[in-house]
Amino acid sequence: MFNLSAQARSWMFKSSTELAKSRENANRKFIQENSNGSDNQKHFLTPSEERLLYKHYESILLKFCQKFQPPMPKNVIGCSFHYFKRFYLNNSVMDFHPKDIVVTCVYLASKVEEFNVSIGQFVANVKGDREKATEIILNHELLLMQQLNFDLAIYNAFRPVEGFLIDIK
């Protein structure tokens with residue numbers, strides 16, 4: 001079943017260099033679109049700086065999920081990470097702020113993985129202006145789905161491992 005999935009077809013890569021090329025292309029594309037013809041590129045992030053930034057936001061994503069109330073299932077956390085990493089394969093952190101994408105990924109993953117929380121319950125876990133957080137999440141949700149090519153099904157390792165543990169018992 002996995003071998004025929006969109007995840008296997010579109011989101012599995014032969015090597016890490018393929019992933020690095022994709023990220024470099026996203027960086028280069030942003031710089032070309034926003035440099036206004038000037039050669040002054042010191043104001044833009046390099047691909048390695050971008051990588052450091054979204055790695056930092058991955059840790060924020062994990063902390064957010066761990067503190068979430070009601071407690072978030074592992075499959076939702078895994079799905080959120082998949083969405084976040086996929087999004088930044090083809091997009092630059094200079095184009096879309098990772099803070100906005102983190103909460104949108106978690107919200108979308110909670111819907112896809114059937115962890116039923118309303119938007120009100122969800123933003124109750126967000127620090128700061130909750131109305132603004134609601135607006136950000138709802139405005140970025142369709143963008144996130146488009147950038148994921150609407151490939152929302154994620155085959156996490158959690159379900160098979162849980163099944164295996166049940167079989168052992």
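Position 1 is the first residue of the sequence, and the numbers go up from there. As the structure is a prediction and not an experimental result, all values here were calculated from the model.
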Test log, rule side-chain contact (heavy atoms from CB on, under 4.5 Å), inputs S22 and N90:
CA-CA 6 Å; S22 181; N90 300 314; 3.2 Å; yes
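- Side chain of R23 to backbone of L89: no donor-acceptor contact under 3.5 angstrom is found.
- For the atom pair OG (S16) and NZ (K21), the distance works out to 11.0 Å, reported to the nearest 0.5 Å.
- Under a 3.5 Å cut-off, the side chain of N125 and the backbone N or O of Q69 do form a donor-acceptor pair.
- Looking at N27 and T46, their side chains never bring a donor and an acceptor atom within 3.5 Å of each other.
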Could you walk me through whether M94 and I31 pass the side-chain contact (heavy atoms from CB on, under 4.5 Å) test, one step at a time?
CA-CA 9 Å; M94 295 180 284; I31 291 171; 4.3 Å; yes
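- From M72, atom CE reaches atom SG of C79 across 10.5 Å, with rounding to the nearest 0.5 Å.
- For the residue pair V93 and E50, the shortest heavy atom distance occurs at N-OE1, 3.1 Å.
- Linking Ile, Leu, Val, Met, Phe, Trp and Tyr residues whenever their side-chain heavy atoms come within less than 4.5 Å leaves L52 and F81 in two separate clusters.
- Distance check: S92 OG to E33 CD gives 10.0 Å after rounding to the nearest 0.5 Å.
- To the nearest 0.5 Å, atom OG of residue S80 and atom CG of residue L108 are 8.5 Å apart.
- Looking at Y83 and V112, their side chains come closer than 4.5 Å, going by heavy atoms from C-beta outward.
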Show your reasoning for whether side-chain contact (heavy atoms from CB on, under 4.5 Å) applies to L143 and F96.
CA-CA 10 Å; L143 168 75; F96 300 101; 3.3 Å; yes
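- A pairwise comparison of heavy atoms in P98 and F84 identifies O-CE1, 4.0 Å as the closest pair.
- Counting only distance, with no hydrogens or angles, the side chain of R130 and the backbone of A124 share a donor-acceptor pair below 3.5 Å.
- Taken from CG in D129 to OG1 in T134, the straight-line distance is 8.5 Å, to the nearest 0.5 Å.
- Atom-to-atom distance recorded for L144:CG and Y107:OH is 12.5 Å, nearest 0.5 angstrom.
- Under the 30°/60° scheme for interplanar angles, the aromatic rings of Y88 and Y54 are found to lie parallel.
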Check the pair F68 / I77 against side-chain contact (heavy atoms from CB on, under 4.5 Å), numbers first and verdict last.
CA-CA 11 Å; F68 197 87; I77 298 169; over 6 Å; no
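- Within the 3.5 Å criterion, the main-chain N or O of F87 finds a donor-acceptor partner in the side chain of N91.
- The pair K55-E58 meets the salt-bridge criterion, with a side-chain N (NZ, NE, NH1 or NH2) lying under 4.0 Å from an Asp/Glu carboxylate O.
- Hydrophobic clustering of Ile, Leu, Val, Met, Phe, Trp and Tyr side chains at less than 4.5 Å, counting indirect connections, keeps I60 apart from I136.
- Between A109 and V76 the shortest heavy-atom distance is CB-O, 3.7 Å.
- Here H56 pairs with nothing under the ring pair (Phe, Tyr, Trp, His ring centres under 6.0 Å) rule; sequence neighbours left out.
- Across all their heavy atoms, D100 and T104 have their closest contact at O-OG1, 2.7 Å.
- For E114, the CD atom is loosely surrounded, since the number of other residues' heavy atoms within 6.0 Å does not exceed 12.
- Heavy-atom contacts from other residues, nucleotides or ligands closer than 6.0 Å to CD of Q146 number more than 12.
- The shortest side-chain heavy-atom distance between Y57 and I101 does not fall under the 4.5 Å cut-off.
- Taking 4.5 Å as the limit, every side-chain heavy atom of F122 sits out of range of all side-chain heavy atoms of K111.
- Here the side chain of Q121 pairs a donor or acceptor atom with the backbone of S118 at under 3.5 angstrom.
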